[in-house]
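Worksheet: the structure to be examined is printed underneath.
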Amino acid sequence: MTPRRRQILDTAADLFAARGFHGVSVGDIGAAVGISGPALYKHFTGKEDILGQCLLHASERLLEGARALAGAEPGRDGGGRPGAVRDDDGSAGDGSGSGSNASNAVRGDRDRDDHRDGTDVVREGSDARATSEISGTSDSWERSGTDVAREGRSRTGDGPGDALDALIAFHTDFALSQPSLIVIQEREWGSLGDRAQAQVRERQLAYIEVWTRALRPHRPDLSPAQARAAVQAAFGLLNSTPHSARISRSAMRGLLTRMARAALAP
């Protein structure tokens, strides 16, 4: 992805989170990145395309990083495809009939917080990116799969619990650095076209399955469906950051990591 496209997506995500999809125009996005509205059409077909690409890019990066950390083979871990974790009745859990199951991978199920508005989300998401740019670092969820796997091994070693621990750390980085994406995934899902929803859902279901496979060795007492439900509940915890991250980022990272590990595999 070119730096300009990335800038447009980051800025648009912040604006959509703060004002809502229908409260933001192509001209607003262009003005925020320093180009004219019509010039935006050189990069995207329109506002809906920008929204779809925001969520698709996030889902692809999450899936790529998770597969690298867990050693999953691409194309063999998604719902209904070869290698999918199957429920007790032999069927693959696919979240069909609703966007909520798949989209839980990014957003989780979170309560509304009356004391936190979109401006907080925009400011903190922008601040997180600015900190990374100034320090010369980036969050692990945005690195290549190879780099993510290397960093994950350096953090956790090579023991049997490492894949799950690495996935928790990886998703925590995402949740802390990208609150705007979590907000728009929850609130603007219905603004996506059918094709965009299907593309995002496919990747998010595969992401859930990578996690489910990593969890099951720790929780043989859980059926595949129960393990999948536990993973999605953990996403709800980790993705609470748009309204729960009220302490320092390092402290919140440690808190979320410990809580997720204790919830999934005490």
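Heavy-atom basis, side chains included; hydrogens, waters and symmetry copies ignored.
In this structure the side chain of T241 reaches within 4.5 angstrom of the side chain of L256, judged on heavy atoms. Within the 4.5 Å cutoff, the side chain of L238 has no heavy atoms near those of the F174 side chain. Considering only heavy atoms from C-beta on, H171 comes within 4.5 Å of W211 through its side chain. L56 places a side-chain heavy atom less than 4.5 Å from the side chain of Q53.
Proximity of a side-chain donor or acceptor of R4 to a complementary backbone N or O of V33 within less than 3.5 Å is detected. Here the side chain of R253 pairs no donor or acceptor atom with the backbone of L176 at under 3.5 angstrom. Listed for the R203 side chain is no donor-acceptor partner under 3.5 Å among the backbone atoms of L62. Side-chain atoms of K47 do not come within 3.5 Å of backbone N or O of I29 as any donor-acceptor pair. With hydrogens and angles disregarded, a donor-acceptor distance shorter than 3.5 Å links the side chain of R258 to the backbone of G254. The main-chain N or O of S25 is found under 3.5 Å from a side-chain atom of D28 such that the two form a donor-acceptor pair.
Distance check, rounded to the nearest 0.5 Å: CG of L51 to CD of E188 gives 6.5 Å. If you take CD on E60 and CD on Q199, they are separated by 8.0 Å, rounding to the nearest 0.5 Å. Interatomic distance, CD1 of I208 versus CZ of R228, reported as 8.0 Å (0.5 Å rounding).
Of all heavy-atom pairs between L164 and A265, the closest is CD2-CB, 4.0 Å.
Between F235 and Y207, the two ring planes are parallel [angle under 30°; tilted spans 30° to 60°].
A 6.0 Å sphere centred on CG of D194 holds no more than 12 heavy atoms belonging to other residues, nucleotides or ligands.
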